[in-house]
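Remarks on the structure that follows.
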Amino acid sequence: MQPSHRTEKVAVVIPCYNEAESIAKVIKRIPKDKLHKQGVETTILVIDNNSTDNTATIAKKAGAVVVHEPQKGKGNALRTGFKSVPPDTDYVVMLDGDDTYNAAEMLRLLEPLKSNFCDVVIGSRLGGKIHKAAMSRLNRFGNQLFTLAVRILYGTKTTDILTGYFAWKKSSLDQLAPHIKSPGFAIEMEMVTKMARLGQYIASVPISYNRRDTQSNLHPFRDGFKILLVLLGNLFWRPKGTETPQQPRKIVFVSDAIYPYMKGGKEKRLYEITKHLAAMGHDVHIYTMHWWDDPRKTKTENGVTLHAISKYYPMYKGDKRTIKEAIMFSLACFKLIRVQFDILDVDHMPFFPVFTTWVVCRLRRRRFFATWHEALSRKEWVNYMQQAGVIASAIERLSTKLPNNIIAASAQTKESLATIHGRENQVQVVASGIDLSMLQKVKPAPVTCDVIYIGRLVKDKNVDALVDAVAIIAKDHPMFECIIIGQGPEREALERKAANLAVDQNITFMDPLPTAMEVYSYMKAAKVFCTPSVREGFGIAVLEALGCGTPVITSDSPGNAARHLIKDGQNGTITSVDSVMIANAILKWTAAEQKPNIASHMPAHDWQNLARQLAEVYTS
C-alpha cells in the first residue's frame, strides 16, 4: 500500500441573492488552477438565498455546489454555508457574489493562513484600491468610523470591518461559527467582534474593490443602526464556558518543544490549553526554541504569542535526549528575567530549565509552577541512560523540590511524584483532553488499515514489538496491513527490521501528518490502534484513538499511564510487551465485524474545561 500524499483543501462560500448577472464571473475568476499547482483543492459553495432569478442555475453550470437557504438575509445564508463546508477542509474563504471583489486575490488572503501567521485574514478595501464609483462617501465614512471603534474597543488591528472578503483556518471558523446569530448585513461586525473576544489573531491584507453593476441590497441607515447595536452589544459578550476572568493574567509557558513543529502528546497538550486560556482573556506566551523557518523571533498563533529565546538545537542523538540541547535552552531561559509576567509554568523535561526558571521566579518574586508529565525511578533512569541515569535521577529529584506548585498531567504522575520523589504537597492534577465535537466531523481516510501506530519512534515506545507482531500475523494473513506514522531515532532501524522479517509490504511507514484532522482520519480508518509504550505520562494519542472509536492495545507497564484509559476487553486490551501477546490482541480486534461504540464509554476530557481548571490552579 502506498502512503497518501497530503492535499490541502479550501472551500469558497459565496452568499447570493439575485446575482445572476455576476455569479458566473465570480466563479470563473476563482484561481482554481493556481491553487491546484500549490497542492490545494477548491470547493465552491454558492448559497442561494431564495433568489427570484436564475442565480442557482448559472452557479451550478459554472461548477459550484449550490446550497439553498430560503430564509432571507446574508447572515442566514452564511451560517448555512459554514455548516455545508466539508469537514476535511483546511481553509474557508467568504466572498460576495456581486463581483465587486477580485476573486483572484484570494491567493493573497490564503498565504498568511498557510504560513501560520494568523487565524483569520480580512480583505481590506480601505487599505487597498477602491474604484472611485464603488463606495459612496457616506459608506466610506461609516466604515472608517466603525473600524476605528472596533480597533479601540476590541484591540484588533483590522483596517476594514465591513468587508465581505474573509479567509479562515477551518479550525478557527469552527470555533466561531456556533456563536454567529446575525441574520443580515451586521454579520461582518458580529464575526469580527466575536473573533476578537475568542482571542483569534486577525490580520488584514489590501484588496481591490470594484463598482457594482446591479443595485445593492444594503440600506445604509437601517443596516448601519443594526451594525452599531452589534458593535456595542458584543462589548460584554463572552462565549459560554470561556468568560473572561475578572483578573486576566499574563501567563508564560516555557517549553523547548512546541506543536505542530514537534508532534508529541505533551506538545499537543500545551498547544490546546494555551489556545483556550487565550480565548478566556489571558495574555498567553510560550518561550521556546526557534522552530519556525522565518527569521522572526516572535509570532502569534491562535491568540498565543510564541517567542524564540534560543536557536534550534537537535533534541535527540540516537535514541536519547542530547545534553547540549538541554543545557543551551536552559541557559537561554535566563532571558526571562527581563520579562514581566504573573504566572510562569515550565515543562519539567529536560529538567535543567526548571532550575533557571526557578531563579527567574525568585528574582521576580512570583510563584513558580511546573508541569510534570511523568516521574521516573532511579532504576528506570539507569535502564534508560546506564550509569548516567544515577545523576539524571538525582537531578529530577532535586528539581521536584523547586516549584511552588506542580501540575501533574495524570493521577499516576501525581502518585509517582509522591512515592518516588517524596513530593506530595501542592501537586494538582490537570489531565489532557480532546475535542470530541471535532472528532465527530472527521471521516475515515480512504486507506486499508488493520492496525496503526502514530507517535514518536523512540526506544521506549517499543514499536519493534509491533513489527514482530505483524510478522507473526502475516504468516497466516499475508494481506494484513499495518501503518506506522511518525519520526524519531528508531525509524531507520524499524524499517530495516521490517525488511529483514519480509513484512515491508505489510507495513507502510509514513512521516508525521500535517494536521490533526488527517491524524484522526487515519485513526478512524484503522481497526485497532497499537502503542506498546512502557513510558507515557498520560497517553493523549490513546485518548484520541478512543475518541475516534478505535480500540487500543497498550502495555501493562507500571510507567504507562495510558493503560488507565483502557477497560480491558471493552475498549481495548492491556498486554505485556510481548510480540505473541500483541499479535493475539490485534487479531482479536481485527476479527470483529464492526467496531464497538467505544467513544461513548470513554472519560470526558474537554480542553476548554481543562484550561479553566488550570486557570483556577494558577489563581488559587
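The two residues A196 and I202 have their closest heavy-atom pair at N-CD1, 4.3 Å. V150 and V192 get closest at one heavy-atom pair: CG1-CG1, 4.1 Å. Looking at every heavy atom in both residues, T147 comes nearest to L126 through OG1-CD1, 4.2 Å. Contact detail for L277 and A611: the closest heavy-atom pair is CD2-O, 3.5 Å. In terms of heavy-atom proximity, Y259 sits nearest to E267 at CB-O, 3.5 Å. For the pair E380 and A375, the tightest heavy-atom approach, listed with the atom from each and the gap, is OE1-O, 4.2 Å.
Within 6.0 Å of atom CD in E492, 12 or fewer heavy atoms from other residues, nucleotides or ligands are found, so the atom counts as exposed in its surroundings. Within a 6.0 Å sphere centred on CG of D293, heavy atoms belonging to other residues, nucleotides or ligands number 12 at most. No more than 12 heavy-atom neighbours from other residues, nucleotides or ligands sit within 6.0 angstrom of CD1 on I391. Other residues, nucleotides and ligands place no more than 12 heavy atoms under 6.0 Å from the CD atom of E415. Heavy atoms of other residues, nucleotides or ligands lying less than 6.0 angstrom from NZ of K250 number more than 12. Around NZ of K311, the count of heavy atoms belonging to other residues, nucleotides or ligands within 6.0 Å does not exceed 12. Residue R362 places its CZ atom among 12 or fewer non-hydrogen atoms of other residues, nucleotides or ligands, all under 6.0 Å distant.
Inter-residue side-chain proximity for I251 and F369 is flagged as unmet; no heavy-atom pair is nearer than 4.5 Å. The shortest distance between side-chain heavy atoms of F253 and T288 does not fall below 4.5 Å. Between D90 and K170, every side-chain heavy-atom pair lies at or beyond the 4.5 Å cut-off. At least one side-chain heavy atom of M262 sits under 4.5 Å from a side-chain heavy atom of R456. Proximity of T193 to W237: side-chain heavy atoms (C-beta onward) are nowhere separated by under 4.5 Å. Side-chain contact between P403 and F368: present, with at least one pair of heavy atoms (C-beta onward) separated by less than 4.5 Å. Side-chain contact check for M517 versus D88: every heavy-atom pair is 4.5 Å or farther apart. Proximity of I180 to E190: side-chain heavy atoms (C-beta onward) are separated by under 4.5 Å at one or more points.
Here the side chain of S310 pairs no donor or acceptor atom with the backbone of M289 at under 3.5 angstrom. Of the possible polar contacts, one joining the H282 side chain to the R249 backbone as a donor-acceptor pair under 3.5 Å is found. Side-chain atoms of K335 come within 3.5 Å of backbone N or O of I309 as a donor-acceptor pair. No donor-acceptor pair closer than 3.5 Å links the side chain of Y154 to the backbone N or O of M195. A donor-acceptor pair under 3.5 Å is formed between the side chain of R197 and the backbone N or O of L235. In terms of modelled atom types and a separation under 3.5 Å, the side chain of R366 and the main chain of F341 share a donor-acceptor contact. With hydrogens and angles disregarded, a donor-acceptor distance shorter than 3.5 Å links the side chain of Y165 to the backbone of M106. Between the side chain of D345 and the backbone N or O of T371 there is at least one donor-acceptor pair closer than 3.5 Å. Put simply, the side chain of R423 gets close to the backbone of T400: a donor and an acceptor are under 3.5 Å apart. Looking only at distances, no side-chain donor or acceptor of N404 sits under 3.5 Å from a matching main-chain atom of R367.
Side-chain contact of Q487 with D511: a donor-acceptor pair under 3.5 Å is present, judged by distance alone. A donor atom on one side chain and an acceptor atom on the other are not found under 3.5 Å apart for S204 and S124. A side-chain donor from one of Y271 and N302 sits under 3.5 Å from a side-chain acceptor of the other.
A salt bridge is absent between E490 and K461; no separation between the charged side-chain nitrogens and carboxylate oxygens falls under 4.0 Å. With respect to the salt-bridge test (charged N to carboxylate O, under 4.0 angstrom), the residues K275 and E272 qualify.
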- Task: Give the C-alpha distance, both sets of side-chain angles, the deciding distance and a yes or no for side-chain contact (heavy atoms from CB on, under 4.5 Å) between R151 and T159.
- Result: CA-CA 8 Å; R151 289 171 67 91; T159 58; 3.9 Å; yes
- Tell me, with the steps shown, if H307 and H285 meet side-chain contact (heavy atoms from CB on, under 4.5 Å). CA-CA 7 Å; H307 303 263; H285 300 254; 2.8 Å; yes
- Query: Can D119 and Q175 be said to form a side-chain contact (heavy atoms from CB on, under 4.5 Å), step by step?
  - Reply: CA-CA 11 Å; D119 306 307; Q175 184 187 25; over 6 Å; no
- Query: Passes side-chain contact (heavy atoms from CB on, under 4.5 Å), Q426 versus Q428? Steps please.
  - Reply: CA-CA 6 Å; Q426 298 300 309; Q428 291 87 10; 3.8 Å; yes
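In this structure, L173 CG and T89 OG1 are separated by 10.0 Å, a value rounded to the nearest 0.5 Å. Going from atom CG of N560 over to atom CD of Q412 covers 7.5 Å, rounded to the nearest 0.5 Å. Between K9 atom NZ and Y91 atom OH the span is 13.5 Å, to the nearest 0.5 Å. Separating the CD atom in Q38 from the CG atom in L110 is a distance of 8.0 Å, to the nearest 0.5 Å. Here I407 contributes atom CD1 and Y618 contributes atom OH; the two are 5.5 Å apart, rounded to the nearest 0.5 Å. Taken to the nearest 0.5 Å, the OG atom of S330 stands 10.0 Å off from the CD atom of E325.
Between W292 and H290, the ring planes lie tilted relative to each other; the angle falls in the 30° to 60° range. By the 30° and 60° cut-offs, the orientation of the rings of W168 relative to F166 is parallel. Classification of the W291-Y261 ring pair by plane angle, with boundaries at 30° and 60°, yields parallel.
A centroid separation of 6.0 Å or more is found between the aromatic rings of F329 and Y313.
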